[in-house]
Amino acid sequence: MNAKQEIESLKKEIGHHDYLYYVLAQPDISDTEYDKLMGRLKELEKNNPELITDDSPTQRVSGEAVKDFETVKHSTSMLSLDNTYSSEEILEWDTRIRKMIPNDVIEYVVEPKIDGVSCALTYKNKLLMLGATRGDGDNGENITLNVKTIKTIPLKLLTDIPFLEVRGEVYIEKNDFKELNKNIIEDGQQPFANPRNAAAGSLRQKNPRITSERKLKFIVHSHGNIEGVEEFKTYIEFLKLCKKSGLSTTLRNINIVKKIEDVIVLCDKLEKEREELPYEIDGLVVKINSISQQQKLGFTMKSPRWAIAYKFPAKQATTKLINVTMQVGRTGILTPVAELEPVECGGVVISRATLHNFDEIERLGIRTGDTVLIERAGEVIPKIIKVIESKRTGNEKKIKIPKECPVCNQSIVKEKEEEVAWRCINPSCPAQIERGLTHFAKREAMDIEGFGDAIVEQLVSKKMISDFADIYYLKKDDFLKLDLFKDKKAQNIIEAIAKSKSRPLSRLLFALGIRNVGEKAAIILAERYLTIDKLVNATVEDLQKIHEVGPVVAESIVKFFNQPETQKLIERLKKAGVNIKEELKKGPKILEGKTFVFTGELKNLSRTDAEAKVRELGGNDSSSVSQKTDFVVAGDNPGSKYKKAQKLGVKIISETDFLNMIK
């Protein structure tokens with residue numbers, strides 16, 4: 001047997017033992033024997049480095065630490081589950097679904113809801129190609145190097161599946177969590193509050209070697225796109241396929257029942273037994289087992305109709321409200337935060353709790369000095385449930401809505417009467433500036449290449465930048481003062497900033513982060529007014545004459561431009577030489593009247609550039625497929641839009657077809 005053959009044999013044998021140990025918990029060799037196999041593989045690879053492959057078990061920790069996690073798109077949206085908190089709500093859910101499939105016999109699956117962090121794994125031709133966080137459900141962060149360190153995640157599937165995206169939870173078991181915190185405390189560092197926080201913090205480590213030391217585990221609970229396998233009829237069949245492929249599943253702890261009453265009995269039983277499990281669970285997940293029934297029931301905008309989460313009652317405690325402080329979020333929303341006398345609740349000492357908004361304060365009738373009942377909603381986020389009025393002494397004080405932002409001292413607004421949020425709309429507010437700067441520089445906005453989170457964080461912390469205009473007054477020497485910056489990198493970013501000055505007005509308007517003004521609205525406004533000066537002078541009435549602009553958007557625009565801080569910002573942008581005009585592109589409108597939807601990964605154009613090209617040529621771009629759609633342009637790994645187009649009979653074309661169409 002030559003070196004290549006022996007390496008392949010060892011990889012297969014070690015993979016088999018990893019599966020027995022980490023997935024089935026049924027090892028059939030000793031640790032010493034396993035170490036000998038791994039030692040031999042390392043020796044062969046050291047002598048034959050050209051034979052090292054990504055699926056080798058020696059490569060679970062490899063490469064350098066990352067500076068930033070890149071954004072990646074999920075093959076289909078990662079939706080969250082609707083929560084229920086009582087047997088009555090479970091019965092209500094069951095009634096709703098039975099109305100949609102009245103004559104079907106329903107089989108329910110009940111499984112533990114592990115308290116971890118959502119993660120998606122993508123395998124292509126058996127090999128693990130991508131690990132990603134849930135993110136916003138459509139886009140997550142690429143954490144592939146970190147997920148490769150998790151032993152319950154196979155680097156290579158044991159079955160021949162051309163394309164498989166699975167979703168699941170990354171978690172840490174109770175004993176491993178205690179050991180981790182013990183080591184952290186011994187090192188003089190702050191321990192994690194709970195296992196979920198430990199899993200989240202470990203999974204997003206910039207250095208995968210740290211992640212590898214945290215004893216994380218992964219368990220499958222759902223899937224995205226799957227290609228090249230025989231269609232399974234039930235959720236259980238899907239889990240069996242995963243198990244056969246080498247993935248860890250909840251199969252050992254699953255219950256299958258045929259009556260909703262039995263589901264409720266199980267929920268009560270398993271809640272009492274939760275402490276016996278090796279990992280933390282914050283509830284149970286109830287799913288319809290049949291895939292065809294799942295397809296009939298479909299989805300809402302946020303959740304599948306065929307599954308719910310039953311959350312266990314939160315643990316509660318009483319304490320005293322000492323004070324209320326105002327926290328300004330990255331979108332400018334003011335959130336009142338309760339400062340509490342420290343109290344233990346659910347195994348964690350709590351000293352702060354969110355009050356959400358001022359309507360919630362009024363609803364609770366809460367005052368500083370009150371004794372309050374708190375709970376950890378979902379056993380993570382502390383929240384005040386009610387005031388214990390019998391404990392009042394008469395010295396309590398009412399909580400008033402502030403008149404100005406506590407950070408920048410500018411006025412705050414409530415944009416709509418029916419809204420509960422008060423907001424600081426000062427674009428230069430320090431509390432919002434980091435997020436605003438990152439948005440300002442992103443590709444769809446001013447497209448300043450290299451101007452990412454890490455740079456923004458340093459510039460703000462060193463007080464070198466406090467608003468958008470400051471970007472254009474930075475010098476090369478300023479960047480050389482930042483970490484990891486040398487001459488070439490500093491020069492590149494200076495050139496990128498200079499290049500961004502020529503972006504059209506539509507990009508600038510989107511970059512400014514005007515409340516309720518997205519990318520498309522910015523284009524419409526720029527094409528209508530052509531210069532920022534004309535837009536600044538527009539009234540609410542003027543703006544509402546534009547078909548696509550409603551009263552909320554119109555009021556947001558006027559309030560934004562009426563602020564003295566905004567006016568100063570625009571003058572400084574002008575002085576820096578930033579373009580404030582929109583040039584209407586002339587030429588034939590060959591796509592006039594046609595509506596396009598893009599799905600999947602395009603190779604030659606970004607999604608934004610492709611949609612802009614459609615509009616430039618007189619067409620319309622849309623984010624959803626309907627009977628009115630003329631063309632669906634499908635890139636690699638198209639999602640649900642592709643299937644809907646097939647169902648509706650909408651014409652599907654390739655990216656190449658689209659490029660030929662617009663020549």
Side-chain angles (χ1 to χ4, degrees), residues 73 75 138-139 442-447 449 499-511 514 517-532 534-535 538 542-550 553 557 579-663:
K73 190 169 183 65
S75 66
D138 292 318
N139 301 284
K442 72 180 187 179
R443 182 172 181 175
E444 298 85 355
M446 297 303 277
D447 193 12
E449 190 174 350
K499 189 177 179 182
S500 76
K501 292 181 181 181
S502 62
R503 307 286 180 234
L505 173 61
S506 54
R507 294 282 199 97
L508 176 60
L509 292 178
F510 178 55
I514 305 167
V517 175
E519 196 174 354
K520 289 184 183 178
I523 292 168
I524 290 165
L525 290 167
E527 291 178 349
R528 178 64 175 262
Y529 287 94
L530 298 180
T531 73
I532 202 166
K534 289 180 181 177
L535 178 57
D542 293 334
L543 289 162
Q544 286 190 76
K545 291 175 184 175
I546 303 171
H547 176 69
E548 295 89 346
V549 177
V553 176
I557 295 165
N579 175 51
I580 56 164
K581 297 180 180 179
E582 186 82 7
E583 296 290 336
L584 292 178
K585 294 180 180 178
K586 298 176 182 179
K589 304 296 182 184
I590 58 174
L591 301 182
E592 190 166 3
K594 302 296 182 185
T595 298
F596 289 76
V597 173
F598 293 87
T599 181
E601 301 167 17
L602 303 180
K603 292 180 179 177
N604 299 291
L605 292 170
S606 70
R607 180 81 58 88
T608 302
D609 290 342
E611 290 172 345
K613 196 69 181 174
V614 168
R615 293 192 298 270
E616 179 189 329
L617 296 173
N620 303 306
D621 63 282
S622 176
S623 59
S624 59
V625 179
S626 71
Q627 294 284 8
K628 295 180 180 179
T629 305
D630 294 290
F631 298 98
V632 168
V633 182
D636 292 341
N637 303 318
S640 57
K641 296 173 188 176
Y642 182 89
K643 292 179 181 176
K644 189 169 183 181
Q646 288 179 315
K647 187 177 179 181
L648 295 176
V650 174
K651 187 168 184 180
I652 299 171
I653 62 174
S654 67
E655 182 184 1
T656 302
D657 295 331
F658 174 70
L659 292 173
N660 290 332
M661 187 183 288
I662 63 175
K663 278 184 179 178

Heavy-atom check, side chain of Asn620 versus side chain of Val614, under 4.5 Å:
no
Under-4.0 Å salt bridge between Arg615 and Asp621
yes
Shortest non-hydrogen separation from Arg503 to Met446 and the atoms involved:
NE-O, 2.9 Å
Check whether any side-chain heavy atom of Lys442 sits under 4.5 Å from a side-chain heavy atom of Asp447, and report yes or no.
no
I need the minimum non-hydrogen distance between Leu617 and Pro588, along with the two atoms involved.
CD2-O, 3.7 Å
Would you indicate whether the side-chain heavy atoms of Leu543 and Tyr529 approach each other to under 4.5 Å?
yes
Heavy-atom pair with the smallest gap, counting every atom of Ile662 and Leu591:
CG2-CD1, 4.0 Å
Are the side chains of Glu583 and Glu527 in contact, using a 4.5 Å heavy-atom criterion?
no
So Leu505 and Leu530, side-chain contact (heavy atoms from CB on, under 4.5 Å) or not? Walk me through it.
CA-CA 7 Å; Leu505 173 61; Leu530 298 180; over 6 Å; no
For residues Phe510 and Gly518, report the shortest heavy-atom separation together with the two atoms involved.
CD1-C, 3.6 Å
For the atom pair NZ (Lys594) and CG (Asp630), what is the distance rounded to the nearest 0.5 Å?
5.0 Å
Using the six-membered ring wherever Trp is involved, compare the ring planes of Phe596 and Phe631 and label them parallel, tilted or perpendicular (cut-offs 30° and 60°).
parallel
Main-chain N/O of Glu519 paired with Arg507 side-chain donor or acceptor, under 3.5 Å:
no
If you define the side chain from C-beta out and look only at heavy atoms, does anything of Leu535 sit under 4.5 Å from Thr531?
no
Shortest non-hydrogen separation from Lys641 to Val597 and the atoms involved
CD-CG1, 3.8 Å
How close do Asn579 and Pro504 get, counting heavy atoms only, and between which atoms?
ND2-CA, 3.6 Å
Do Leu525 and Ile546 touch side chain to side chain, with heavy atoms closer than 4.5 Å?
yes
CG/Leu508 to CD/Glu582 distance, rounded to the nearest 0.5 angstrom?
10.0 Å
